[in-house]
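Here is the structure we will look at, set down as structure tokens.
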Amino acid sequence: MNKENETDVTPSNFIREVVKDDIASNKWEGRVHTRFPPEPNGFLHIGHAKSICLNFGLADEFGGQCNLRFDDTNPTKEEDVYVQSIIEDVKWLGFDWGDKIYYTSDYFAQLYDWAVQLIKADVAYVEDLSADEIREHRGTPTQAGKDSPFRNRSVEENLDLFERMKNGEFADGAKVLRAKIDMASGNLNMRDPVLYRIIKAHHHRTGDTWCIYPMYDFAHGQSDSIETITHSICTLEFEDHRPLYDWIIDTLDVYHPQQIEFARLNLAYTLLSKRKLLQLVEEKHVAGWDDPRMPTISGLRRRGYTPESIRDFCERIGVAKANSTVEMALLEHCLREDLNKRALRLMAVLRPLKVVLVNYPEGQVEELDSPNNPEDPEAGSRKIPFSRELYIEQEDFMEDAPKKFFRLAPGKEVRLKSAYIIKCEEVIKDSSGNITELRCTYDPDSKSGGATAGRKIKGTLHWVSAQHAKSAEVRMYSHLFTKENPADDKESSDLKSALNPESLEILKDCKVEPALAEAQPGDRFQFLRMGYFCADAKNYLSTAPVFNRAVTLRDTWAKIAKKGS
RNA sequence: UGGGGCGUCGUCAAGCGGUUAAGACACAGGUUUUUGAUGCCUGCAUACGGAGGUUCGAAUCCUCCCGCCCCAGCCA
């Protein structure tokens with residue numbers, strides 16, 4: 001590859017190539033029209049974000065349009081709370097669907113008419129067999145199925161029966177409408193698939209208007225057709241449904257979108273299945289769909305993820321047809337990279353250890369200047385109070401420190417960020433030998449920013465003035481599961497066994513600098529040397545601040561320490 | 001013994017008959033640093049599931065084999 005071509009660094013993917021080719025060949029008169037079609041039966045997760053970024057991204061990139069469409073064909077599982085959460089999440093991710101939201105339920109009348117059309121063409125029939133009997137007749141992957149005894153009802157009888165189904169004359173499950181295709185097909189989806197079933201349930205939008213509802217397979221392709229979608233992008237498991245959609249659309253002789261399948265996202269150490277996430281919520285293994293440990297959009301948002309970082313992640317993972325599992329490290333990297341540029345640095349001591357500066361005047365308070373973000377000069381600086389009694393992090397002191405530990409230890413010196421160099425003179429312990437306090441001296445000549453501050457000290461610690469500090473609760477999150485692929489556990493429904501008992505550690509007595517009591521819920525910060533944190537959107541109060549750890553900082557010392565032990 | 005897919009570095013993933021087989025994350029080393037952070041530099045697939053074949057030339061084409069995933073909901 002030569003220099004001129006190196007400017008094109010955006011990784012492409014096969015779907016983008018298809019779209020480009022179609023534009024070049026004028027296949028759709030240059031149009032690009034995609035759609036994101038979630039079922040409102042749960043909250044969106046990072047896997048949906050991949051699809052959202054793909055569909056909306058393609059439309060944006062090629063000047064097209066992407067519809068947000070709710071695939072609401074099953075009233076027993078769908079709820080309005082889910083549609084609201086989905087709308088919020090897609091919007092938060094930064095995408096725009098124009099002024100109209102689409103619903104498959106808006107097409108129920110048209111879908112019904114199309115079913116009638118198929119009956120009239122003698123390629124659909126009303127089935128009286130029970131669900132079990134239908135299954136028995138279906139055969140197996142290696143054995144052809146058997147025709148239903150009701151397969152050859154007359155068009156007139158089918159028309160009559162189907163209308164009576166619609167009118168509510170039959171009980172749930174008593175009859176279904178089936179397509180008449182091929183009971184011997186190698187593709188199970190073509191063995192006379194069910195098109196309509198009777199469900200006398202309240203629909204979140206159509207209420208009690210209908211007592212028959214189209215199956216997904218009889219709604220999805222036509223919905224795309226109605227909306228003149230050009231590229232119907234979906235996941236791999238629908239690949240063998242494509243012949244059925246093609247059959248329906250061609251039999252109906254309507255606009256025929258092009259379906260393209262890609263591999264859904266898998267993320268290590270978590271689950272990306274709405275069914276299983278619902279189970280986590282219902283069994284109370286997490287605090288809700290938006291628990292910061294959840295891989296849901298709302299969980300990630302509450303955890304402190306930015307829309308930008310999620311979009312970046314979706315761009316980086318690529319789009320292909322090979323099943324794969326992406327490492328959590330990539331997602332975390334995307335967040336760190338984003339927040340490194342924008343998050344204000346503040347100091348928070350999570351596990352406080354008191355330090356008394358014996359040679360610092362009692363009652364004296366200095367206002368020291370500290371940069372808000374070394375990556376962004378525009379962010380300016382702030383004043384932080386310094387006094388005789390401070391808190392430092394417990395893990396920043398070791399009584400018997402190894403040579404490579406360049407933090408505080410008896411007789412050793414360390415720099416306090418934006419303040420002075422201090423030296424540990426004495427370790428105070430309680431009767432059971434726990435370290436309760438450190439007596440230190442400070443070097444008045446080492447004041448940060450001063451003329452004589454140049455003395456080099458290997459370690460720099462974050463700290464907070466005891467009398468000025470605010471107390472806060474900090475929730476330390478890590479991955480929800482101990483297994484890289486918790487779904488591997490065959491059909492065993494006990495997600496419990498794979499759960500990480502340490503996915504949440506609550507720190508109640510953290511000491512944070514005063515400015516952190518004036519945050520807004522949802523604000524994100526870097527707690528110097530500790531990681532990126534987010535003021536909890538639900539529980540944060542300035543009188544009782546609560547922060548969530550979004551992601552740790554890279555920690556080279558932790559690696560060294562681990563190697564050494 | 002059915003149908004549909006997929007196999008390129010630890011993890012993703014470009015590659016579309018002629019490339020020293022991109023890039024990112026991870027990892028390792030060095031360097032800057034009042035965050036052991038960030039930044040910067042360096043290293044990291046003689047090799048593309050395997051075996052044959054076509055070709056002057058194959059990760060890319062053909063054949064066979066192996067492995068993995070999906071499909072038997074009146075779920076989507």
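Residue numbering restarts at 1 for every chain, and letters A, B, ... go by the order of the sequence lines.
- Counting atom types as modelled, A/R316 pairs no side-chain N or O with a base atom of B/G23 as donor and acceptor under 3.5 Å.
- The side chain to side chain donor-acceptor pair (under 3.5 Å) test with A/D72 is passed by exactly one of A/H204, A/R205, A/K77: A/H204.
- Among B/C74, B/U35, B/U34, the nucleotide with an atom closest to any side-chain atom of A/A131 is B/C74.
- Residue A/S324 is in sugar-phosphate contact alone, with no base atom involved, counting any heavy-atom pair closer than 4.0 Å across all strands shown.
- Considering only side-chain N and O atoms, A/R135 lies nowhere under 4.0 angstrom from the phosphate OP1 or OP2 of B/C71.
- Here the P atom of nucleotide B/A76 and the OH atom of A/Y213 are 12 Å apart, to the nearest Å.
- Considering only side-chain N and O atoms, A/R191 lies nowhere under 4.0 angstrom from the phosphate OP1 or OP2 of B/G2.
- To the nearest 0.5 Å, atoms OH (A/Y196) and CG (A/L111) are separated by 4.5 Å.
- For A/R415 and B/U34, a side-chain-to-base donor-acceptor distance below 3.5 Å is present, hydrogens and geometry of angles not being considered.
- With no hydrogens or angles considered, no side-chain donor-acceptor pair links A/N373 and A/E375 at under 3.5 Å.
- No hydrogens or angles were tested; on distance alone, nothing pairs the side chain of A/S418 with the base of B/U34 as donor and acceptor under 3.5 Å.
- Minimum heavy-atom separation, A/V512 to A/A348: CG1-CB, 3.7 Å.
- Remark: A/K77 is not in phosphate contact with B/A76, judged by side-chain N or O atoms under 4.0 Å from OP1 or OP2.
- When the C1' atom is compared between B/A58 and B/G52, the two are found 14 Å apart, to the nearest whole Å.
- The side chain of A/L236 has B/G5 as its nearest neighbour among B/G5, B/C71, B/G10.
- Taking every side-chain heavy atom of A/D71 into account, B/A76 is the closest of B/G73, B/G4, B/A76.
- Checking B/U38, B/A76, B/A72 against every side-chain atom of A/Y216, the shortest atom distance belongs to B/A76.
- Using a distance-only test at 3.5 Å, with no hydrogens or angles considered, a donor-acceptor pair links the side chain of A/R524 to the main chain of A/G304.
- Residue-to-nucleotide proximity on RNA chain B shows that, of A/V326 and A/P38, the 5′-proximal contact is made by A/V326.
- Note: NE2 (A/H462) to C1' (B/G36) measures 13 Å, nearest angstrom.
- Distances shorter than 4.0 Å separate none of the side-chain N or O atoms of A/R242 from OP1 or OP2 on B/G4.
- Between A/T73 and the phosphate of B/A76, there is a side-chain N or O to OP1/OP2 separation shorter than 4.0 Å.
- Phosphate proximity of B/G2 to A/T140: absent, as no side-chain N or O sits under 4.0 Å from OP1 or OP2.
- For A/F405, taking side-chain heavy atoms from C-beta onward, the closest of the listed nucleotides B/G36, B/G3, B/C74 is B/G36.
- Distance, A/N323 CG to B/G67 P: 18 Å, rounded to whole Å.
- When A/L416, A/L408, A/V414 are each tested for a side-chain contact (heavy atoms from CB on, under 4.5 Å) with A/C440, only one passes: A/L408.
- Listed pair A/K559 / B/A28 meets the phosphate criterion, a side-chain N or O lying under 4.0 Å from OP1 or OP2.
- Rounded to the nearest Å, the gap between the P atom of B/G3 and that of B/C9 is 30 Å.
- Of the candidate nucleotides B/A26, B/C12, B/A72, B/A26 has the atom lying nearest to any side-chain atom of A/H333.
- The distance from atom CZ of A/R69 to atom P of B/A76 is 13 Å, rounded to the nearest whole Å.
- In this structure, A/L129 reaches the bases: a heavy-atom distance under 4.0 Å links it to at least one base atom across the strands shown.
- Residue A/R345 is in base contact, counting any heavy-atom pair closer than 4.0 Å across all strands shown.
- Checking the phosphate oxygens (OP1, OP2) of B/G39, no side-chain nitrogen or oxygen of A/R336 falls inside 4.0 Å.
- When heavy atoms are screened at a 4.0 angstrom cut-off, A/P243 is found touching no nucleic acid atom at all.
- Nearest-nucleotide positions on RNA chain B place A/V319 closer to the 5' end than the other of A/L330 and A/V319.
- The distance from atom CZ of A/F150 to atom C1' of B/C74 is 15 Å, rounded to the nearest whole Å.
- Rounded to whole Å, atom C1' of B/G39 lies 13 Å from atom CG of A/N373.
- For A/E375, the listed nucleotide lying nearest its side chain is B/U38; candidates were B/A26, B/G7, B/U38.
- A distance of about 26 Å separates the P atoms of B/A26 and B/A21, rounded to the whole Å.
- Atom CG of A/N189 and atom C1' of B/A72 are 10 Å apart (whole Å).
- To the nearest whole angstrom, the two P atoms, one in B/A14 and one in B/A24, are 15 Å apart.
- The side chain of A/I560 has B/G36 as its nearest neighbour among B/A26, B/A72, B/G36.
- Rounded to a whole Å, the CZ atom of A/R342 is 16 Å from the C1' atom of B/U38.
- Rounded to whole Å, the C1' atom of B/A22 lies 12 Å from the corresponding atom of B/U8.
- With distances taken from any side-chain atom of A/M215 to the nucleotides B/C75, B/G29, B/C25, the minimum falls on B/C75.
- Under a cutoff of 6.0 Å and an axis angle of 45°, A/K447 and A/Y420 do not form a cation-pi pair.
- Distances shown here put every side-chain N or O of A/K321 at or beyond 4.0 Å from the OP1 or OP2 atom of B/C69.
- Considering A/I134, A/N158, A/L195 in turn, A/I134 is the only one that fulfils the side-chain contact (heavy atoms from CB on, under 4.5 Å) rule with A/R178.
- Separation of the P atoms belonging to B/C44 and B/G10 is 14 Å when rounded to the nearest angstrom.
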